[in-house]
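Here the structure comes first, spelled out in structure tokens, and everything after it is commentary.
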2 protein chains.
Amino acid sequence: MPKLSDEAIQERMAIIEDAARELFIKHGFHATSMRDIARRAGVSLGNLYNYYATKDAIFESIIDRYLGVIDMELRAIFDEIDEPMEPASLRKLGSNVGRLVDDHSDFWLLMYIDVLEFQNQHFRKMFDGVSDRFRKIFGRRFRDAEKRGDLRVGVEPAPAFTAAYMQFFNYFLVEKLFGGNHHMGLTDEQALNHITKIFAYGTLSEASLARFKKTANKAAG
Amino acid sequence: MPKLSDEAIQERMAIIEDAARELFIKHGFHATSMRDIARRAGVSLGNLYNYYATKDAIFESIIDRYLGVIDMELRAIFDEIDEPMEPASLRKLGSNVGRLVDDHSDFWLLMYIDVLEFQNQHFRKMFDGVSDRFRKIFGRRFRDAEKRGDLRVGVEPAPAFTAAYMQFFNYFLVEKLFGGNHHMGLTDEQALNHITKIFAYGTLSEASLARFKKTANKAAG
DNA sequence: CAAATAAAAATGAACGTTCGTTTTTTTTCC
DNA sequence: GGAAAAAAAACGAACGTTCATTTTTATTTG
């Protein structure tokens, strides 16, 4: 048998990694055996080692792939934000974060595996200097908003935006993975509106609040 | 050898559970062996089974003990809150949550183990209906604040307080366990002040804001 | 256009260890 | 001496990994 095409190899690796990921997030890394992975992937035990040197290598390959996907999705989410401090933008960010957590809850479970069993070595970069990254992406918009006097005195846009972003993430992670089951006592929609409202009133100056009044009221539904 | 006194038994169990907890949070549950636990506790392998029927039983005993401790600490934190919606109260809550996360980071790692390897069965109650619990604790204060017109129109105190509480928790967990390393671009003190300020301005009416002006300005440092 | 070739891919038994747990033996102390 | 506690030894099952072998199939050959 001549060498498989690259696409064929990628296909087989995807099958193996899908199986492994499902097992890892269900039982953890060390509770999942190579035999389990082989069985679920419909592949022989020995053949796994034609594609991966070790069990660790499977985990790392899954994470590398997934980090790329999430990075792209986050980029897309930030790309569609024009004015980061506008209430409507925050509200949209919240929805998008919710979708991201929903669509990729596996990813966040892998992160917890990494924290527990690998000292968080693969995911460290996710949260390292989030605020600085936002400053890089929205720096100009932040400065413009400050110049226009859109912000309350003493409110720095980068930390404020970071706080809102983290709050949205935390809200949906608690709901999806930690059994929150409407832990804020509201539907997801209402919770998003409430958080958005708090951050709008909490960060925007009276002048700019007046300007966004209509939008804010609609969002607070 | 006569039967050990109850205190002696509790002492020995504490030694075993301390050892097991340290290993669990460092490597995860399944990556920790009974031999590891015995070695670290300075006890023979077989003797572990004089105290616990299974390895799972050790984990459950650790969690039961710890849930009690955390529950008490949380109760103490809420007990010292007079007016939950006051900026000074929120700021204090933030500090206390920070101390709780710092002093008991083991506990939160155990929670992640539970999510991953035990379907979150032991920790579910932690986040189930948080908002309702606050409504029970602070119900009267919440209603008083609403009656006095302290809150912005459309802001419900229970979800708002829950949001602040969750934000504080999330902030310190990210810092302590996920390699955030000042992810908001501020020191812990500054971050607490910033979050407090946002929630104060985000939830309080103009009238009550004026009343708290002095306190809020001091807190915003 | 088959049939033969060759080498990659897949297999599953087997390796030495380590696992959680049980059983047996030794130690301890009234 | 006797019973409880601790230690040691032993158990079968399961672990990650290896490897000799078989199967598969694109290419070469007649």
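Numbers restart at 1 for each chain; the letters A, B, ... are given by sequence-line order, proteins then strands.
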Would you kindly give the [atom1]-to-[atom2] distance between [X] and [N], to the nearest whole Å?
{"X": "B/Met34", "N": "D/dG12", "atom1": "CE", "atom2": "P", "answer": "20 Å"}
{"X": "A/Arg12", "N": "D/dT24", "atom1": "CZ", "atom2": "P", "answer": "13 Å"}
{"X": "A/Tyr52", "N": "D/dT18", "atom1": "OH", "atom2": "P", "answer": "17 Å"}
{"X": "A/Asn50", "N": "D/dT18", "atom1": "CG", "atom2": "C1'", "answer": "11 Å"}
{"X": "B/Asp56", "N": "C/dT21", "atom1": "CG", "atom2": "C1'", "answer": "13 Å"}

(request) Respond yes when some side-chain nitrogen or oxygen of B/Tyr51 is under 4.0 Å from OP1 or OP2 of D/dA5, and no when none is. (result)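 Answer no for this pair, as no side-chain N or O of B/Tyr51 is under 4.0 Å from OP1 or OP2.
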
(request) Tell me whether the OP1 or OP2 atom of C/dT18 has a side-chain N or O from B/Ser33 closer than 4.0 Å. (result) no

(message) Under a plain distance cut-off of 3.5 Å, with no hydrogens placed, do B/Ser95 and B/Arg99 share a side-chain donor-acceptor pair?
(response)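 Side chains of B/Arg99 and B/Ser95: no pair found under 3.5 Å.
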
(request) Give the intermediate values and the outcome of side-chain hydrogen bond (donor to acceptor under 3.5 Å, both in side chains) for residues B/Tyr51 and B/Glu17. (result) CA-CA 11 Å; B/Tyr51 294 92; B/Glu17 290 179 27; over 6 Å; no

Any ion pair linking [Y] and [X] (charged N to carboxylate O, less than 4.0 Å)?
{"X": "A/Lys125", "Y": "A/Asp128", "value": "no"}
{"X": "A/Arg141", "Y": "A/Asp144", "value": "no"}
{"X": "B/Arg75", "Y": "B/Asp71", "value": "yes"}

(request) For DNA chain D, find the residues of residues 35-49 of chain B with a heavy-atom distance under 4.0 Å and give them by number; none if there aren't any. (result) B/Arg35, B/Val43, B/Ser44, B/Gly46, B/Asn47

(request) Please list, by residue number, the residues of residues 14-32 of chain B whose heavy atoms come closer than 4.0 Å to an atom of DNA chain D; answer none if no residue qualifies. (result) none

(request) Would you mind listing every side chain to side chain donor-acceptor pair (under 3.5 Å) that reaches into residues 154-173 of chain A, with sequence neighbours excluded? (result)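 Counting only pairs at least two positions apart or across chains, the side chain to side chain donor-acceptor pair (under 3.5 Å) contacts touching residues 154-173 of chain A are A/Tyr171-A/Asp188.
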
(request) Going by the side-chain contact (heavy atoms from CB on, under 4.5 Å) test, name the single residue among B/Leu100, B/Leu177, B/Leu192, B/Asp102 that passes it with B/Phe172. (result)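 Going through B/Leu100, B/Leu177, B/Leu192, B/Asp102 one by one, the side-chain contact (heavy atoms from CB on, under 4.5 Å) with B/Phe172 is satisfied by B/Leu192 alone.
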
